[in-house]
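The chains referred to below are lettered A, B, ... by the order of the sequence lines, with proteins before strands, and numbering in each begins at 1.
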Number of protein chains: 2
Amino acid sequence: MSRPEVKRMTQQRRIILEELGKVTSHPTADEVYGMVRVHLPSISLGTVYRDLEAMSGSGLIQKLETCGRQKRFDGNPAPHHHVRCLACGRVGDLQTDTELYIKADFDDPGGYKVTGYRMEYTGLCPDCRRDPLAI
Amino acid sequence: MSRPEVKRMTQQRRIILEELGKVTSHPTADEVYGMVRVHLPSISLGTVYRDLEAMSGSGLIQKLETCGRQKRFDGNPAPHHHVRCLACGRVGDLQTDTELYIKADFDDPGGYKVTGYRMEYTGLCPDCRRDPLAI
DNA sequence: CTCTCAATAGTAATGATTACTGTTACTATT
DNA sequence: AATAGTAACAGTAATCATTACTATTGAGAG
């Protein structure tokens with residue numbers, strides 16, 4: 001039940017945070033590794049994993065683990081919705097004014113205590129929509 | 001965009017389907033492997049993976065890949081909701097009378113075509129609720 | 001400045017899943 | 001019933017994302 005947290009703001013974490021803030025592509029750990037290595041060539045992939053985990057535990061960034069074997073990360077910590085392209089796996093942001101109504105009182109929760117939910121929309125990204133066979 | 005489908009109902013698939021129908025525990029592929037091996041000791045783990053994938057592609061069962069590195073499978077193909085225990089990873093069913101309202105017309109879908117959604121509730125299972133430090 | 005321990009680089013290990021390869025067995029058609 | 005075509009199989013190797021380990025470094029409090 002305990003999650004890793006950020007105790008010290010190192011150069012590695014500062015740069016990861018900066019790079020994540022520049023994009024809206026919700027990169028994977030490996031993609032973040034590539035982005036950060038441009039500025040800090042000696043950084044280790046393990047460090048990227050650990051720091052992404054710690055920073056999402058501290059609420060500085062968001063971890064998207066809704067689907068797929070590969071986790072993705074979002075530099076915007078504010079709650080918002082995501083769409084995942086069923087063809088290529090890309091993830092985009094969704095802007096919504098009205099709040100989503102989620103039913104939380106169940107007829108039979110089977111003894112579970114329901115505290116939240118995880119969700120993502122699915123669909124097709126602009127590219128795959130244009131040419132579904134491209135990928 | 002193409003998914004594997006069931007063309008032939010083999011003994012392996014029949015038994016996997018039977019065993020999945022007996023439980024409500026949403027077992028992982030490995031757990032299904034253990035359940036099926038009691039009745040068919042020579043079955044291969046690869047076959048279990050392939051058959052679970054094919055049968056979920058054909059709508060005979062449900063594949064739960066909403067979260068976690070390990071997929072889980074549900075013998076009940078009818079749409080219903082799930083809760084995942086944040087402490088131990090167990091997954092349970094949720095019964096709801098009223099339908100969930102999901103907003104699908106977004107102010108800015110960013111060029112995406114939204115066709116559906118994936119969601120699961122999160123919380124604590126009866127055991128972990130009783131003793132959060134047990135696991 | 002110094003001390004402490006969180007964080008790091010580099011690498012090995014893990015674990016779930018997928019791919020491959022030669023063989024088996026459904027199903028339809030002679 | 002024999003044959004052909006091919007989906008599915010068992011067994012095993014390979015892949016890929018992630019986590020763990022170990023010795024070393026450096027952030028930041030006092």
Atom pair distance, as rounded to whole Å: [atom1] in [X] and [atom2] in [N]:
X	N	atom1	atom2	answer
Leu45(B)	dA14(D)	CG	C1'	14 Å
Glu53(A)	dA7(C)	CD	P	13 Å
Glu31(A)	dA17(D)	CD	P	10 Å
Gln70(B)	dC16(D)	CD	C1'	16 Å
Met9(B)	dT27(C)	CE	P	10 Å
Leu40(B)	dA25(C)	CG	P	12 Å
Arg14(A)	dG26(D)	CZ	P	14 Å
Arg69(A)	dA19(C)	CZ	P	10 Å

Choosing from [options], which nucleotide comes nearest the side chain of [X]?
X	options	value
Asp51(A)	dA9(C), dT8(C), dT17(C)	dT8(C)
Arg8(B)	dT17(C), dA7(D), dA10(D)	dA7(D)
Ala29(B)	dT19(D), dT17(C), dA7(C)	dT17(C)
Gln12(A)	dA8(D), dT8(C), dT4(C)	dT8(C)

Exercise. Establish, yes or no, whether a centroid distance under 6.0 Å links the rings of His81(A) and Tyr121(A).
Key: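 Yes, close enough.
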Quiz item: Can a salt bridge be assigned to the pair Asp74(A) and Lys63(A) using a cut-off of 4.0 Å between side-chain N and carboxylate O?
Solution: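 So Asp74(A) does not pair with Lys63(A) through a salt bridge.
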Quiz item: DNA chain C: Ser44(A) or Thr28(B), which has the more 5' nearest nucleotide?
Solution: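 Result of the comparison: Ser44(A).
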Quiz item: Between Lys7(B) and Val6(A), which has a closest nucleotide on DNA chain C that is more 5'?
Solution: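 So the residue in question is Val6(A).
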Between [X] and [N], does any side-chain N or O lie under 4.0 Å from OP1 or OP2?
X	N	result
Thr47(A)	dA9(C)	yes
Thr10(B)	dA25(C)	no
Arg13(A)	dA7(C)	yes
Lys71(A)	dT19(D)	yes

Quiz item: With both distances under 3.5 Å as the test, what is the Watson-Crick or G-U wobble partner of dT24(C)?
Solution: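 For dT24(C), the partner nucleotide comes out as dA7(D), under the 3.5 Å rule.
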Quiz prompt | Who pairs with dA13(D) - Watson-Crick or G-U, where each distance is under 3.5 Å | solution =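 Because both required distances fall under 3.5 Å, dA13(D) counts as paired with dT18(C).
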Exercise. Give one of base, sugar-phosphate or nothing for Arg50(B), where a contact means two heavy atoms less than 4.0 Å apart.
Key: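 Counting heavy atoms under 4.0 Å across all strands, the contact made by Arg50(B) includes a base.
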Quiz item: Is the number of heavy atoms from other residues, nucleotides or ligands within 6.0 Å of CZ (Arg69(B)) greater than 12?
Solution: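 For Arg69(B), atom CZ is not crowded (no more than 12 foreign heavy atoms under 6.0 Å).
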Quiz item: How about Lys113(B): does its NZ atom have over 12 heavy atoms from other parts shown lying under 6.0 Å from it?
Solution: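 Check fails, neighbour count at 12 or below.
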Self-check item: Separation between CE of Met35(B) and CD of Glu19(B), rounded to the nearest 0.5 Å
Solution: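 Met35(B) CE to Glu19(B) CD: 5.0 Å, rounded to 0.5 Å.
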Quiz prompt | 5′-ward residue of the pair Tyr49(A)/Pro41(B) relative to DNA chain D | solution =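 Nearest nucleotide further toward 5': that of Pro41(B).
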Practice problem: Check step by step if side-chain contact (heavy atoms from CB on, under 4.5 Å) holds for Ile43(B) and Arg37(B). | Solution: CA-CA 6 Å; Ile43(B) 197 172; Arg37(B) 247 200 312 187; 3.9 Å; yes
